[in-house]
Amino acid sequence: QAQLVESGGGLVQPGGSLRLSCEASGFGLDYHSIGWFRQAPGKEREGVSCISMSDSSTHYSASVKGRFTISGDSGKNTVYLQMNSLTPEDAGVYYCAAVWGMLYENDWPSTRRYSYWGQGTQVTVSS
């Protein structure tokens, strides 16, 4: 059974860093695209970043570009999201999601494009 499990969330002070992990089981991440999304209370789920494992191409939302870095490790079947210079606006539940094939700039942020979803990990940014 295909499953994604996020980890690495927690409480961090503004300006701090966290690294989230998304580990897949039941399928290999090769040839998949993996996206990170976040959802704050009362807001819609929004795309944060995406990586296509076949060529390691990456995409970022404007709000995180330059602060967040997505990467993948096929050997560990895991995708990471390194988050630096965190602000309270970055807080929320972070989800990873996967779909077979490539995603491109115009479609990676759409939640409808993804087949598998994790349960999420909470990120809180507060002093």
Side-chain angles (χ1 to χ4, degrees):
Q1 182 179 356
Q3 190 174 12
L4 297 171
V5 177
E6 303 95 336
S7 62
L11 172 64
V12 63
Q13 292 186 343
S17 299
L18 282 175
R19 189 177 80 155
L20 305 183
S21 299
C22 172
E23 183 175 5
S25 60
F27 70 105
L29 287 178
D30 290 346
Y31 308 111
H32 283 75
S33 293
I34 296 84
W36 281 100
F37 291 77
R38 67 187 180 193
Q39 189 166 21
K43 294 188 176 181
E44 291 189 356
R45 193 169 298 189
E46 64 169 341
V48 173
S49 184
C50 175
I51 184 169
S52 289
M53 295 293 283
S54 58
D55 66 354
S56 298
S57 58
T58 59
H59 306 280
Y60 297 93
S61 67
S63 62
V64 307
K65 198 167 188 177
R67 300 187 299 122
F68 291 12
T69 303
I70 191 170
S71 62
D73 186 334
S74 295
K76 295 183 178 180
N77 220 26
T78 300
V79 168
Y80 304 98
L81 184 68
Q82 177 67 44
M83 307 188 296
N84 299 328
S85 302
L86 286 161
T87 73
E89 288 69 37
D90 294 314
V93 179
Y94 280 69
Y95 301 89
C96 65
V99 63
W100 174 270
M102 298 281 292
L103 290 178
Y104 301 94
E105 191 63 33
N106 63 332
D107 62 357
W108 74 266
S110 173
T111 58
R112 294 176 295 178
R113 292 289 284 113
Y114 296 83
S115 303
Y116 310 117
W117 287 85
Q119 294 300 307
T121 185
Q122 178 73 49
V123 172
T124 303
V125 184
S126 175
S127 54

| query | Does T78 have any side chain to side chain donor-acceptor pair (under 3.5 Å) partners at least two apart in sequence or in another chain, and if so, which? | reply | none
| said: Please give me the minimum heavy-atom distance between W100 and D30, naming the atom from each residue. | reply: CZ3-O, 4.2 Å
| said: Tell me the closest heavy-atom pair linking V99 and S115, and the distance in Å. | reply: CG2-OG, 3.7 Å
| task | Determine whether P109 and E46 make a side-chain contact, defined as any pair of heavy atoms from C-beta on separated by less than 4.5 Å. | result | no
| task | State, without any angle test, whether S63 and S61 hold a side-chain donor-acceptor pair at a distance under 3.5 Å. | result | yes
| said: Are the side chains of L4 and C22 in contact, using a 4.5 Å heavy-atom criterion? | reply: yes
| query | Heavy atoms, side chains only, cut-off 4.5 Å: are L81 and S49 in contact? | reply | yes
| Heavy atoms, side chains only, cut-off 4.5 Å: are F27 and Y116 in contact? | yes
| query | Going by distance alone, is a donor N or O of one side chain under 3.5 Å from an acceptor N or O of the other, for T87 and E89? | reply | yes
| remark: Taking every heavy atom of S33 against every heavy atom of L103, the minimum-distance pair comes out as OG-N, 3.2 Å
| task | Return yes if a side-chain donor-acceptor contact under 3.5 Å exists between R38 and Y94, otherwise no. | result | yes
| said: Let me check something: do Y95 and V48 share a hydrophobic cluster, defined by ILVMFWY side-chain heavy atoms less than 4.5 Å apart, either directly or through other members? | reply: no
| message | Could you check whether any side-chain heavy atom of T69 comes within less than 4.5 Å of a side-chain heavy atom of Y60, counting everything from C-beta outward? | response | yes
| field | Partners passing ring-ring contact (aromatic ring centres under 6.0 Å, His included) against Y104 (at least two apart in sequence or in another chain) | value | none
| field | Sub-4.5 Å side-chain heavy-atom contact between M102 and S54 | value | yes
| Side chains of D90 and R67: closer than 4.5 Å at any heavy-atom pair? | yes
| Is the number of heavy atoms from other residues, nucleotides or ligands under 6.0 Å of Q122 CD greater than 12? | yes
| What pair of heavy atoms forms the shortest contact from Y114 to W108, and how long is it? | OH-O, 2.7 Å
| When clusters are formed by joining ILVMFWY residues with side-chain heavy atoms under 4.5 Å apart, either directly or through shared neighbours, do L18 and Y80 land in the same one? | no
| field | R45 NZ/CZ over F37 ring centroid, <6.0 Å and within 45° of normal | value | no
| When you look at CD of E44, are more than 12 heavy atoms from neighbouring residues, nucleotides or ligands closer to it than 6.0 Å? | no
